[in-house]
Amino acid sequence: MFDYDSRPVTPGVVLVGSRSSTDAYAIRDFLTRNGKVYDWVDVDGDGADHPAHTPGTRLPLCVLPDGTRLEGATVAQVAAGLGMMAAPRLGEYDLAIVGAGPAGLAAAVYAASEGLRTAVIEAVAPGGQAGTTSLIENYLGFPEGVSGSQLASRAAVQAERFGAEILLARPVDEIVPDGDRYVCRLRDGTAVSSRALLAASGVEWRRLDAPGVERLLGAGVYYGAGPSEALGCRGCQVVIVGGGNSAGQACMRFSRYAARVTLLVRGAALTDSMSQYLIDQIAATPNIEVRLRSRVIGVDGDDGLRTMRIATAGSDAVETLPATALFICIGGIPKTGGSDRLGLVLDGAGYLVTGTDLAPDGTSPPGWPRARQPFPLETNLPGFFAAGDVRSGSVKRCAAATGEGAMSVALVHRHLAETGGE
Ligand SMILES: Cc1cc2nc3c(=O)[nH]c(=O)nc-3n(C[C@H](O)[C@H](O)[C@H](O)COP(=O)(O)OP(=O)(O)OC[C@H]3O[C@@H](n4cnc5c(N)ncnc54)[C@H](O)[C@@H]3O)c2cc1C
C-alpha cells in the first residue's frame, strides 16, 4: 500500500523539468496518483546543476529505473516505460468498465468475484477523485479516516486478485455499438469489446473563466488539488478557489506545507457548502485565511503564476494578491466523453439518465428495444449502465459510488442472461 506522504526514500524514477511545464506536471500527477516513487528535479530551483540536466536535454526528461532516458517525455511514454501499459488479455469481456474511481473499482471487485470476465479502462490512475483526497473521514469502517490513495490501491489490488484486468493510462476516446456488444476505442488504438458496459467515468473540474487561467494552467494554476503538488508548495503563497469540501480538504493539506493558504469563496458563508468538521479545522489553522464573497478577476505571471487580481462583492476595488500556486476546486461536470455519439439520454447538466428517470410515466424511453423497462442503473441503451458521479441524480459520495458500482453488477447479470446467458 502506498501513501503520498510516507514514500520510501529510494526513488525508482527521476523526473527533470521546469516547474512551469505542463508536461512535467502531467507526469508528476500520473506518477504520484499511481503510487510510483520518483525524484523531482526542478531546473528552475535547486536542480539547475543536477547531473542529468545536461545542455541540450529536451525537457521534461524522465530517467527510468533501468537507466532509460526519455527526453521530451509524455505520460504515455513513461507509463509504457514502467511496464504499466499491458494489452488486453481477452478478445471479448462480459463487462467493460470505463473509469477506475470508487464506482468502477467496486463494480470490478463484484463482477470479477462473481465470475464475469471484467476489464477496467482508466485514463490516469485508480481512485478517480477519491484517489486525490488526503483523508476521507466518512467512509464506513475507517474510524480514523482513510487516505484516498490507500483506498484506491487496496481496491485495485482486490479487483485484480479476483481476476479483473485494469488497463491504465489510456482514455476511452469512443464507444461504438457492435450488434449487441460495445467496443471501447482507447487512445493508443486498442479496442476492447464487451457484452455489457458500465460508465463509471465520474466528473471533471468546472473551468474558472478568468483571464490568464488557461495560459498558466500547469504553471502555477491547477484544477483540483493534486497531492503531487503539496510538497512542492513548501513555504509558498497558495490560493484555493471554491467553497465545497474538496476546497476545504485542499486547504488543510496545503496548510501543512505552505507559508500561507488563502481560500477564496464566492458565497457569503462556508456553511452553505462545506461540512462543519472542515470549517472547524480551517478556523483552527492559523496560516489559513478565508475570504468570503470574493472572486478571481485575473491571474498574472510570465512563465509561472506570480499574482492574482481579486474583487470582493460590494466593493469596486481590485486587490492584487501574491500567489505561487492557485488550485481551482469549484465542482465538476460529468465525463461522458467517448459515448457522445451513442444517443444516450443526458439530463440538463449533461449527466447520464438511467432507469425510471428515462420515462417517469412508466412507459419505455423512445427507441427502447426490449419488452421490459430499463433496469435501475441502465441507460436508454440495453446493457449500457452508469454508476457513480457521472449518473444523473447520484449522490456525490464515495460510499454511494461504490454502492452503485456493486449494484450495477447484479443488473449486468440479468442483461447477460437475456442476451445468451453467462
Ligand atoms: C478533493 C475531493 C475530496 C472528496 N472527499 C470526499 C469525502 O471525504 N467523502 C466522500 O464520500 N466523498 C468525497 N469526495 C467525492 C468522491 O471522491 C466522489 O463522489 C467519488 O470519487 C465518485 O466516484 P466515481 O467512481 O463515480 O467517479 P470518479 O472518482 O470521478 O472516477 C472516475 C474515473 O474515471 C476516469 N475516466 C473518466 N473519463 C474516462 C475515459 N474517457 N476513459 C477512461 N477513464 C476515464 C477518471 O480518470 C477517474 O479515474 C471528494 C471528492 C474530491 C474531488
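Every number for a ligand or one of its atoms is a count from 1 in the order of the listing. Nothing here was measured: the structure is a model prediction, and the numbers come from that model.
- Looking only at heavy atoms of the protein, atom 34 (O) of ligand 1 is closest to Gly99 CA, 3.2 Å.
- Closest to atom 33 (C) of ligand 1 by heavy atom, among Gln249, Glu122, Arg33, is Glu122.
- Within the structure, ligand 1 has Ala200 among the residues with a heavy atom less than 4.0 angstrom away.
- No donor-acceptor pair closer than 3.5 Å links the side chain of Ser201 to the backbone N or O of Val98.
- On a distance-only criterion, Arg397 and ligand 1 share at least one N/O pair closer than 3.5 Å.
- Comparing Leu140, Val172, Val203, Leu168 against atom 42 (N) of ligand 1, the shortest heavy-atom distance belongs to Val172.
- Every atom of ligand 1 is numbered from 1 in the order shown, and the set under 4.0 Å from a heavy atom of Val98 is 40 (C), 42 (N), 43 (C).
- In this structure, Lys396 forms a cation-pi arrangement with Tyr351, its terminal cationic atom sitting closer than 6.0 Å to the ring centre and no more than 45° off the ring axis.
- Inclusion of Ser246 in the set of residues having an N or O under 3.5 Å from an N or O of ligand 1 is not warranted.
- The protein atom (non-hydrogen) at minimum distance from atom 27 (O) of ligand 1 is Gly202 CA, 3.4 Å.
- Protein heavy atom in closest approach to atom 28 (P) of ligand 1: Gln129 NE2, 3.6 Å.
- By the 3.5 Å distance cut-off applied to N or O atoms, Ala103 is counted among the residues near ligand 1.
- Nearest residue to atom 24 (P) of ligand 1 from Pro102, Ala130, Gly145, Gly128 is Pro102 (criterion: closest heavy atom).
- Here the protein heavy atom with the shortest distance to atom 9 (N) of ligand 1 is Asn138 OD1, 2.9 Å.
- Of the protein's non-hydrogen atoms, Cys398 SG, 3.8 Å is the one closest to atom 16 (C) of ligand 1.
- Between Ile175 and Phe384, some side-chain heavy-atom pair lies under the 4.5 Å cut-off.
- Residue Arg181 qualifies as enclosed at atom CZ: its count of foreign heavy atoms under 6.0 Å is above 12.
- Taking every non-hydrogen atom of Trp205 and a distance limit under 4.0 Å, the qualifying atoms of ligand 1 come out as 53 (C).
- Ion pairing between Asp173 and Arg185 fails under the 4.0 Å rule for side-chain N and carboxylate O.
- Inclusion of Gly388 in the set of residues having an N or O under 3.5 Å from an N or O of ligand 1 is not warranted.
- Salt-bridge annotation for Arg306 and Asp300: absent, with no side-chain N of the basic residue lying under 4.0 Å from a carboxylate O of the acidic one.
- Side-chain N or O atoms of Thr262 include none that pairs as donor or acceptor with a backbone N or O of Glu289 at under 3.5 Å.
- In this structure, atom 50 (C) of ligand 1 lies nearest to the protein heavy atom Thr133 OG1, 4.2 Å.
- In this structure, Ile121 is part of the shell of residues with a heavy atom less than 4.0 angstrom from ligand 1.
- Among all non-hydrogen protein atoms, the one lying nearest atom 15 (C) of ligand 1 is Lys396 O, 4.0 Å.
- When heavy-atom distances to ligand 1 are checked against a 4.0 Å cut-off, Phe327 has no atom that comes that close, whether in backbone or side chain.
- Judged by a 6.0 Å distance limit and a 45° cone about the ring axis, Arg207 is positioned over the six-membered ring of Tyr223.
- The nearest heavy-atom contact from the protein to atom 18 (C) of ligand 1 is Asp389 OD2, 3.4 Å.
- Using modelled atom types and a 3.5 Å distance limit, the side chains of Asp389 and Ser394 yield no donor-acceptor pair.
- In Ala401, the part holding a heavy atom less than 4.0 Å from any atom of ligand 1 is the side chain.
- A donor-acceptor pair under 3.5 Å is formed between the side chain of Arg117 and the backbone N or O of Glu92.
- A donor-acceptor contact shorter than 3.5 Å is absent between the side chain of Ser21 and the backbone of Gly17.
- Taking the ring centre of Phe375 as origin, the terminal cationic atom of Arg372 falls inside the region bounded by 6.0 Å and 45° from the ring axis.
- For the pair Asp347 (side chain) and Leu352 (backbone), a donor-acceptor distance under 3.5 Å is absent.
- Asp180 and Thr419 form no side-chain donor-acceptor contact under 3.5 Å, judged by distance and modelled atom types alone.
- Nearest residue to atom 37 (C) of ligand 1 from Ser201, Pro171, Ala152, Ala123 is Ser201 (criterion: closest heavy atom).
- Listed by number with element, the atoms of ligand 1 under 4.0 Å from a non-hydrogen atom of Ile136 are 7 (C), 8 (O), 9 (N).
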